[in-house]
Number of protein chains: 2
Amino acid sequence: MGNMTIGRLGRETSTKVETIRYYEKIGLLPEPRRTAANYRVYTDAHLNLLGFIRRARELGFSIDDIRDLLRLAAHGEAPCDDIDRIAAQHLETTEKKIALLMQLRRELRDTLESCKGGRVAECKVIVALSPEPRGGQTGA
Amino acid sequence: MGNMTIGRLGRETSTKVETIRYYEKIGLLPEPRRTAANYRVYTDAHLNLLGFIRRARELGFSIDDIRDLLRLAAHGEAPCDDIDRIAAQHLETTEKKIALLMQLRRELRDTLESCKGGRVAECKVIVALSPEPRGGQTGA
DNA sequence: TATAAACCCTGTAGCAACTATAGGGTCAAG
DNA sequence: CTTGACCCTATAGTTGCTACAGGGTTTATA
């Protein structure tokens with residue numbers, strides 16, 4: 001009762017069919033067995049795994065990160081120091097991204113404030129521009 | 001006094017030389033004049049512009065976004081409704097990213113908590129795994 | 001039963017935004 | 001006058017997909 005085609009698997013995990021085949025090609029998702037007509041047949045195990053992968057991707061883990069996580073998980077009894085390390089590192093870069101995005105949000109809000117009915121010349125986003133890079137031809 | 005080589009420009013803006021040439025190739029950064037030996041010579045205007053570009057990139061604006069911003073800025077007197085639009089749209093996606101990352105941060109913290117001295121099997125990150133996708137061979 | 005729509009297959013090329021490499025030429029210092 | 005740091009072009013590689021092209025299959029329905 002857990003057998004499904006690639007299309008169904010895609011629908012259940014909000015993943016495009018091409019993406020699933022791509023994950024298989026790069027060895028992230030194990031090859032499923034095939035029907036006589038060479039159609040892939042997926043199980044619930046694939047469903048769970050792909051769900052995990054998609055979730056991790058959404059959260060910004062790289063495919064290499066995920067590979068590491070899966071490799072470590074495959075052991076099953078190892079202490080999860082290594083997983084700790086990956087997660088901690090990811091947490092750190094996440095903190096940085098959040099800080100950067102919060103700064104951006106503030107600047108965007110400021111921009112929208114100051115731009116209201118204003119001119120481009122006053123736009124904070126545009127500040128530091130005025131390029132005209134072929135300016136004076138002060139030769140040597 | 002504002003003339004510099006590509007290497008210097010790169011150092012001043014924390015941009016790799018290749019990236020600068022790439023920006024030129026895709027028409028984002030205007031072509032500078034050249035020395036007799038065909039070396040690029042950049043001005044302060046380039047410095048400002050590239051600074052703006054890099055900052056915008058860091059904040060997550062796509063190159064197409066930046067192109068739009070620059071095009072609008074080139075006008076100089078147009079009302080900045082369009083810039084508003086770009087910024088507002090970016091603000092929206094920024095909010096979403098922040099929310100996602102905050103969720104991630106929480107989950108990473110939980111993970112690090114629960115993983116402390118635990119086993120992979122108990123790792124929250126790893127939950128929903130146990131793949132073993134070639135499980136029972138319940139044929140038809 | 002035919003036939004069309006909806007699905008599946010492989011393989012390759014394209015996307016963004018760089019980054020790296022190969023195979024050169026130039027310029028400043030010792 | 002040579003060494004090393006810099007510059008040049010052009011092309012291929014990276015990550016994580018996505019979109020064809022050019023087929024076969026299965027399913028629903030007339």
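First the proteins, then the strands, lettered A, B, ... as listed; each starts at 1.
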Q. Where does the chain A footprint on DNA chain D start and end, counting 5' to 3' with a 4.0 Å heavy-atom cut-off?
A.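 It runs dG16(D) to dT26(D).
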
Q) Which part of the nucleic acid, if any, lies within contact of T35(B), taking any heavy atom under 4.0 Å across all strands shown: a base, the sugar-phosphate backbone alone, or nothing? A) nothing

Q) By side chain to side chain contact (heavy atoms under 4.5 Å, CB included), which residues pair with T35(B), not counting sequence neighbours? A) A37(B), Y39(B), V41(B)

**Q.** Pairing residues for A36(A) by the side chain to side chain contact (heavy atoms under 4.5 Å, CB included) criterion, not counting sequence neighbours
**A.**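 Residues passing side chain to side chain contact (heavy atoms under 4.5 Å, CB included) with A36(A): none at all.
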
Q.
Considering only residues two or more places apart or on different chains, which pairs with a residue in residues 9-21 of chain B satisfy salt bridge (charged side-chain N to carboxylate O under 4.0 Å, His left out)?
A.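 Residue pairs with at least one partner in residues 9-21 of chain B: R8(B)-E12(B).
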
Residues in side chain to side chain donor-acceptor pair (under 3.5 Å) contact with [X], at least two apart in sequence or another chain:
X	value
T5(A)	none
D64(B)	none
Y23(B)	R54(B)

Q: Go along nucleotides 9-24 of chain C 5' to 3' and tag each nucleotide: B for a protein heavy atom under 4.0 Å from its base, S when only backbone or sugar atoms are that close, - otherwise.
A: SB-B----BBSBB---

Q.
Using 0.5 Å steps for rounding, measure from the CG atom of L50(B) to the CD1 atom of I6(B).
A. 9.5 Å

Q) Can you name the residues that form a salt bridge (charged side-chain N to carboxylate O under 4.0 Å, His left out) with R40(A), not counting sequence neighbours? A) E24(A)

